[in-house]
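Below is one structure, written out as structure tokens; comments come after it.
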There are 2 protein chains.
Amino acid sequence: MKYIEKLRNSGLRPTKQRLQICEVLFDRDKTFHFTINELEQKIKKQINNKISLATVYNTVHAFEKKGYLKQIPINSNQTYFDTNVTDHHHFYDLKDEKLIDLENSDVGPINILKKIDGKKIKSVEVLVKLED
Amino acid sequence: MKYIEKLRNSGLRPTKQRLQICEVLFDRDKTFHFTINELEQKIKKQINNKISLATVYNTVHAFEKKGYLKQIPINSNQTYFDTNVTDHHHFYDLKDEKLIDLENSDVGPINILKKIDGKKIKSVEVLVKLED
DNA sequence: ATTCTAGTTTATAATGATTCTAAAAAAGTG
DNA sequence: CACTTTTTTAGAATCATTATAAACTAGAAT
């Protein structure tokens, strides 16, 4: 399994559950935007093994901490995660409640002119809300 | 009271509770970033009248719908609101968990080059995360 | 391989923000 | 005042997320 080493190198034991969640999350062509709930559904369909909801939460948070996932800042009652951890932006379709990737080339350069003493910029994220 | 007409014009009855919440929200010099919980605390301190939590929620949502408040897209278990409804952006200090306004003049123009058929852009919001 | 230990999984309970409910109160209208 | 509609309210219900504590497992040591 290709994820065993990746997990070990991060200090995470490559358990059956983590490896299966890796498959669901990372064996794909395109970026995956998801809520924990949606991920749970996908796991149910794709895997012949029940994974506890608590484990899904634990794993997603562990992966986020290690930098394999990131949260998408958006106002929703559920937390959204993204398998694309590079700097990039999003459309959010308010009607369908769906996220759409904006590649970096889809957004002109962003200039932050204000500085805060003693702080440095970690990330710049743009959320473009869409309506009909 | 200066808020009576404003409320009436929006189709909201100027009740005692709404007027008091208006005072807490809008009788200030600077932009106010808050969660419902923080707002409730401020109301308790500032007003000699108990306002039910349900009313605070109702009122904040009513004001948001009328465009007097807006939500700030950020990942937090609590929803953040902003009394500054003009197009503007935020710093988010990861360490202190504090929001800081970025005036429009603090951010260069943002060009969204991608279009989605049948959808139009409602808002463009930038979140700049800060670290030490 | 067997034993040991720390890390992991799990079902379930607990928490906490938000929404719902339905009855009482207040606002606006004639 | 009488009437209708909107608003407020306390408390219940909901729903995402986190905590708990017991059972399990991976990796290391013996």
Side-chain angles (χ1 to χ4, degrees), chain A residues 1 3-24 33-44 47-66 68-81 97, chain B residues 1 3-24 33-44 47-66 68-81 97:
Chain A
M1 295 273 254
Y3 296 113
I4 291 181
E5 272 314 300
K6 196 177 170 186
L7 288 173
R8 274 224 188 80
N9 292 339
S10 314
L12 296 172
R13 288 188 181 171
T15 63
K16 185 174 62 170
Q17 290 86 344
R18 283 177 179 161
L19 291 169
Q20 290 177 331
I21 292 174
C22 276
E23 284 179 46
V24 175
H33 300 135
F34 63 93
T35 62
I36 297 286
N37 209 53
E38 289 165 356
L39 177 58
E40 218 205 350
Q41 297 309 310
K42 287 237 194 282
I43 290 169
K44 230 178 243 162
I47 303 282
N48 265 341
N49 179 38
K50 197 201 172 309
I51 297 182
S52 158
L53 179 59
T55 301
V56 179
Y57 272 98
N58 288 342
T59 303
V60 166
H61 286 141
F63 287 2
E64 191 204 1
K65 206 166 185 176
K66 297 299 181 183
Y68 302 138
L69 291 174
K70 70 172 185 178
Q71 278 190 249
I72 304 174
I74 192 177
N75 281 121
S76 165
N77 56 327
Q78 288 179 85
T79 305
Y80 274 82
F81 293 89
E97 295 187 349
Chain B
M1 293 273 256
Y3 297 113
I4 291 181
E5 273 313 300
K6 197 178 169 187
L7 288 172
R8 274 226 187 79
N9 293 339
S10 314
L12 296 172
R13 287 186 182 173
T15 63
K16 186 173 63 169
Q17 290 86 346
R18 283 178 179 160
L19 290 169
Q20 289 178 330
I21 292 174
C22 277
E23 283 180 46
V24 176
H33 301 135
F34 64 94
T35 63
I36 297 284
N37 209 52
E38 288 165 357
L39 176 58
E40 217 205 351
Q41 297 309 311
K42 287 237 195 281
I43 291 169
K44 229 178 246 163
I47 304 283
N48 265 340
N49 177 39
K50 199 199 173 310
I51 296 181
S52 158
L53 181 57
T55 301
V56 179
Y57 272 98
N58 288 343
T59 303
V60 166
H61 287 140
F63 287 2
E64 191 203 1
K65 206 166 185 177
K66 296 299 182 185
Y68 302 138
L69 292 173
K70 69 174 186 178
Q71 279 191 247
I72 304 173
I74 193 176
N75 282 122
S76 166
N77 56 328
Q78 289 178 86
T79 305
Y80 274 82
F81 294 89
E97 295 186 349

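Naming convention: chains lettered A, B, ... in sequence-line order (proteins, then strands); numbering from 1 in each chain. These numbers come from the heavy atoms of this one structure, side chains and all, not from hydrogens, waters or symmetry mates.
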Length of the line joining A:E97:CD and D:dA16:C1', which is rounded to integer Å: 15 Å

For atom CD1 of B:I43 and atom P of D:dT9, their distance in whole Å: 10 Å

Side chain proximity check, B:N75 to A:Y80, heavy atoms < 4.5 angstrom: no

Donor-acceptor side-chain pairing of A:Q20 and A:N49 below 3.5 angstrom: yes

Within-4.5 Å side-chain heavy-atom neighbours: B:E64 and B:H61: yes

d(CG, B:N75; P, D:dT17) in whole Å: 10 Å

Nearest-angstrom distance from the residue atom CD1 of A:I47 to C1' of C:dT9: 16 Å

A:I36 side chain near A:L53 side chain, heavy-atom distance below 4.5 Å: yes

Show the distances under 3.5 angstrom between N or O atoms of the protein and N or O atoms of nucleotides 15-18 of chain C.
residue : atom : partner : partner atom : Å
C:dT18  : OP1  : B:T79   : N            : 3.0
C:dT18  : OP1  : B:T79   : OG1          : 2.8
C:dT18  : OP2  : B:Y57   : OH           : 2.6
C:dT18  : O5'  : B:Y57   : OH           : 3.2

A:I51 CD1 to D:dT25 C1', straight-line distance once rounded to whole Å: 15 Å

Which residue lies more 5' along DNA chain C, comparing B:A54 with B:K16 via nearest heavy atoms: B:A54

Contact check, side chains of A:F63 and A:K66, non-hydrogen atoms, under 4.5 Å: no

B:R18 side chain near B:L7 side chain, heavy-atom distance below 4.5 Å: yes

d(CG, B:L7; P, C:dA26) in whole Å: 18 Å

Rounded distance (Å) that lies between atom C1' of D:dA26 and atom CG of A:L19: 12 Å

Could you list all N or O pairs between the protein and nucleotides 5-7 of chain D that sit under 3.5 Å apart?
residue : atom : partner : partner atom : Å
D:dT5   : O2   : B:R13   : NH1          : 3.2
D:dT5   : O2   : B:R13   : NH2          : 3.4
D:dT6   : O4'  : B:R13   : NH1          : 3.3
D:dT6   : O4'  : B:R13   : NH2          : 3.4
D:dT7   : OP1  : B:R13   : N            : 3.4
D:dT7   : OP1  : B:R18   : NH1          : 2.7
D:dT7   : OP1  : B:R18   : NH2          : 3.3
D:dT7   : O5'  : B:R18   : NH2          : 3.4

Intermediate values then yes/no, side chain to side chain contact (heavy atoms under 4.5 Å, CB included), B:Y68 and B:C22: CA-CA 10 Å; B:Y68 302 138; B:C22 277; over 6 Å; no

Length of the CD-P vector between B:Q20 and C:dA26, whole Å: 13 Å

Mutual orientation of the aromatic rings belonging to B:F34 and B:F81 [parallel < 30°, tilted 30-60°, perpendicular > 60°]: parallel

With sequence neighbours excluded, residues passing salt bridge (charged side-chain N to carboxylate O under 4.0 Å, His left out) with A:R13: none

